[in-house]
Structure formats: structure tokens, C-alpha cells
**Q** 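Submitted below is the structure of interest, expressed as C-alpha cells.
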There are 2 protein chains.
Amino acid sequence: MSTTDDPGLAPLPLSVRMQRGDLFSDQCPSREVLKHVTSRWGVLILVALLGGTHRFSDLRRKIAGVSEKMLAQTLQWLEADGFVDRKAYPVVPPHVEYSLTPLGREVGEKVEMLADWIEFNLPRILAADAAS
Amino acid sequence: MSTTDDPGLAPLPLSVRMQRGDLFSDQCPSREVLKHVTSRWGVLILVALLGGTHRFSDLRRKIAGVSEKMLAQTLQWLEADGFVDRKAYPVVPPHVEYSLTPLGREVGEKVEMLADWIEFNLPRILAADAAS
DNA sequence: GTAAGTACGCACAAAAAGGTAAGTATGAAA
DNA sequence: TTTCATACTTACCTTTTTGTGCGTACTTAC
């Protein structure tokens, strides 16, 4: 099966698939996409891949704390959304390379800006935490 | 109690609180902040508040699908992180106004850029979904 | 001979997130 | 007089997410 594991993504009419999404409405599929992109590991994967192609185990080592299961799953979400490109070489010790598609590079950049902002402004945020 | 409900935020030494965060490392507090900001309702709250001050029930109506519980909880996270300002008027039917702090406006803008990108590019993404 | 590395899938379990319903105080509208 | 609206909190339960450990097929290094 090559379809998504999510049974909620029934075939939508073309007219709907042409429209801009609306995150404020309940049923909008953009919420699913947002979920994948902003998921715990999705953010880190996108940022990591902005730095270039990585193998599965490279990502696993770079992103401290991910389990193999979650890394695989999140990569599959991002692949299904068209953000990540997976290239598998049928060699004996498995060899798979992950990279961003053009679409993935675009979201990745937005995500990275957010991630960078948080990293850079952590001190200001922690100061707020302490004051609360 | 005015501290966070999260027992994991023990008092950190000042020297640590001055440093830039690193999302790739496991224990970095920036991951907590990221979690709040990119949480299911956090994104929507920040974007909504970029449009101006809102009352609790205004937010509830604008963000289709949030429960009161999650709205309250997410607002508390964002308040503790210094992104949201809560102003309560001690009148009989409760009246509370939420707005963004300067810090909140900064993250909010990053988040909005991501949200906008997703909404605008939904058609391209759904096309990828269909092709998978 | 045996352990390690690779890129996962699967079953089971724990943890976290989320939803629902009810309660609160009080004034105003129906 | 019953109902509604406000801004939550709390208890309880369900759903979702995440982690853990094991298995795989084969090669290389020890």
C-alpha cells in the first residue's frame, strides 16, 4: 500500500484541493500538515536536512533522543507530504539517503527561522519563566 | 502557586540561562519552548493574538475545535514563557483579556509565516499526498 | 566465531495529550 | 424564574503518541 496510514484522508474533490487552507477551521487538511511539520521530531528533521542529505543513522545520531521508530515514522509523514525525498540503494548493509524536495526546502526554511529564533532568544524566555 | 505545572523546570544556573539554546541536544530547555509554541493549539493562539487582543471566549470561538481545557492550558504555557499577557478584570461575569507581549509578537511572526506558507501551499502539498 | 553496523517493521507497554461533563459566582435577559 | 454568559478548574476517561525490545539479512572487522 502506498497510501497514507491515516484513514481520514479520503479522496477530496479537485475543487477543494485547489483552495488555500484555513488553519482556523476544524476539518481543514492543513492541520494535518501542520501537525507533521511541527511534530516533536519533524522540526528537527527538517532543520537537519536543510544542512544536506543524511542517511537514516546520521539523522538518528544528530537528533539526540529520537528513537528509530519515531524517526522512521516522521520521515514517512514528511515523505508523504512531499517534503522529503527518500533514495534507497539495494545494497547489502542497507543504505538510504534522505534529502529535502524543493517543497521541503521551502517549509524547512520557515521552520528553521522559528527554531533559530527560539535558540537565540532562549535566555530572554528563560528569564520570563523565572519571573512567573 | 505561580510556578509552572511542569516539575522538570528546576532552577538552572545563571550561566546556563545566558547561553543560546541547541534544539539538537536532548536536555536543552529550548525543546520545551518549542513544544509549547508548536503545540496543536499554540500555533493557532499565537496567530490569532497577532490580530489583536482577544477574550478567552473570543479565542474559543475563533479556533474551531479547541476545548476550554486545552485553551486554558496552552494559554498558561505561553504566559509562563513570556509570550502572552493576561489581564483579568475582577468583575462579576469574568472578563479576561489576552494579548501578545513584545517577545510573543516576535515568535508569533515566525509562526505566522510558517502557518501562512502551509495555508497558501496546501494545494501543492495535497497533490504530493495524492501522488504517494 | 562473534559482535557490530544498517534501516527499518512489529508487538507490547507506558506516557502524554486531549476530550467531556460538571461545578462556581453573579448579574442580566427572557 | 429559569436560562445564559463568563473564565476557568477538577475529575475521569479515551485517544494518540512515544518508547522498548526483538527480529532481519548480510558484510566486515576483531
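In this text the structure is predicted, and so the values were computed from the model without any measurement. Throughout, a chain's letter reflects where its sequence line sits, starting with A, and its residues are numbered from 1.
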**Q** Does Gln76(B) place a side-chain N or O at less than 4.0 Å from the phosphate oxygens OP1/OP2 of dC8(D)?
**A** no

**Q** Which value, rounded to the nearest 0.5 Å, describes the distance between Ile63(A) atom CD1 and Leu44(A) atom CG?
**A** 5.5 Å

**Q** Which one, dC8(C), dT20(D), dT9(D), comes nearest to the side chain of Ser67(A)?
**A** dT20(D)

**Q** Using the side-chain contact (heavy atoms from CB on, under 4.5 Å) rule, take Leu114(B) and Thr38(A) through it: C-alpha gap first, then chi angles, then the decisive distance, then the call.
**A** CA-CA 10 Å; Leu114(B) 174 61; Thr38(A) 63; 4.0 Å; yes

**Q** Set out, in order, the CA-CA distance, both residues' side-chain angles and the distance that settles side-chain contact (heavy atoms from CB on, under 4.5 Å) for Trp41(A) and Leu75(A), then state yes or no.
**A** CA-CA 9 Å; Trp41(A) 308 114; Leu75(A) 282 168; over 6 Å; no

**Q** Does the pair Arg60(B) and Glu68(B) meet the rule for a side-chain contact (heavy atoms from CB on, under 4.5 Å), with working shown?
**A** CA-CA 7 Å; Arg60(B) 181 156 169 42; Glu68(B) 297 192 342; 3.1 Å; yes

**Q** When rounded to the nearest 0.5 angstrom, what distance separates CD1 in Ile45(B) from CZ in Phe83(B)?
**A** 12.5 Å

**Q** Once you round to the nearest 0.5 Å, how far does NE2 of His36(A) lie from CD1 of Ile118(B)?
**A** 10.5 Å

**Q** From CD of Glu68(A) over to C1' of dC10(C), roughly how many Å is that when rounded to an integer?
**A** 13 Å

**Q** Going by heavy atoms closer than 4.0 Å, what residues in residues 39-47 of chain A are next to DNA chain C?
**A** none

**Q** Taking the inter-plane angle between the rings of Tyr89(A) and His95(A) on a 0 to 90° scale, is it parallel (under 30°), tilted (30 to 60°) or perpendicular (over 60°)?
**A** perpendicular

**Q** Using OP1 and OP2 only, check whether a side-chain N or O of Lys35(B) sits under 4.0 Å from dA17(C).
**A** yes

**Q** Mind running a 4.0 Å heavy-atom check of residues 51-66 of chain B against DNA chain C and sending the residues that fall below it, in number order?
**A** Gly65(B)

**Q** Whole Å only: how far is the CG atom of Asp26(A) from the C1' atom of dG18(C)?
**A** 13 Å

**Q** Would you name the heavy atoms of Pro29(B) and Leu122(A) that are closest together and state the gap between them?
**A** CG-CD1, 4.1 Å

**Q** Using a strict threshold of under 4.0 Å (side-chain N to carboxylate O), is an ion pair present between Glu97(B) and Lys87(B)?
**A** no

**Q** When every nucleotide of nucleotides 25-30 of chain C is labelled 5' to 3' by its protein contacts under 4.0 Å (heavy atoms), B for base, S for sugar-phosphate only, - for none, what sequence of letters results?
**A** -BS---

**Q** With nearest nucleotides of DNA chain D determined for Thr74(A) and Val96(B) from heavy-atom distances, which residue corresponds to the more 5′ nucleotide?
**A** Val96(B)

**Q** Can you tell me how far P of dT20(D) sits from CE of Met70(A), to the nearest Å?
**A** 12 Å

**Q** Supply the atom-to-atom distance Asp85(A) CG to Thr53(A) OG1, rounded to the nearest 0.5 angstrom.
**A** 8.5 Å

**Q** Looking at every strand, decide which applies to Tyr98(B) at a 4.0 Å heavy-atom threshold: base, sugar-phosphate, or nothing.
**A** sugar-phosphate

**Q** If you check every side-chain atom of Lys69(B), which of dT18(D), dT20(C), dC8(D) has the closest atom?
**A** dT20(C)

**Q** Rounded to the nearest angstrom, tell me the gap between atom CG in Leu75(B) and atom C1' in dA7(D).
**A** 11 Å

**Q** Could you pull out the closest heavy-atom pair between Ala115(A) and Leu23(B), with the gap in Å?
**A** CB-CD1, 3.5 Å

**Q** Without decimals, in angstroms, what is the distance between Leu71(B) CG and dA17(C) P?
**A** 17 Å

